[in-house]
Amino acid sequence: MKLLHAQGVIDGVEVDRGAPRPYAVKLVSGIVRMNEDEAAMFALGAAVGAFGGAARKAL
């Protein structure tokens, strides 16, 4: 998530370990709360969406 934030794919991320959905991802449309599994799938999808074209060009 820090990589996605550094690259400008997401606007920010906060982690509250005590919450049932500890990951709060800030997007243009608002804040989305996720559990660990949802955050992992989100990160994978966001990375593929953001960097997939660059990876295909290298092949």
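From a predicted model like this one, the values you see are computed outputs, not experimental measurements.
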Q: Quick one: list whatever passes side chain to side chain donor-acceptor pair (under 3.5 Å) with R21, sequence neighbours left out.
A: E38
Show which side-chain atoms of residues 11-20 pair as donor or acceptor with protein atoms under 3.5 Å away, not counting sequence neighbours.
residue: D11; atom: OD2; partner: V28; partner atom: N; Å: 3.3
residue: E14; atom: OE2; partner: K26; partner atom: NZ; Å: 3.0
residue: D16; atom: OD1; partner: G18; partner atom: N; Å: 3.4

Q: To the nearest 0.5 angstrom, please state how far the CZ atom of R33 sits from the OH atom of Y23.
A: 12.0 Å
Residues 42-51, side-chain donor-acceptor partners within the protein, below 3.5 Å, at least two apart:
none

(Q) Between I10 and L27, does the side chain to side chain contact (heavy atoms under 4.5 Å, CB included) criterion hold? Intermediate values first, please. (A) CA-CA 5 Å; I10 61 175; L27 304 169; 3.7 Å; yes
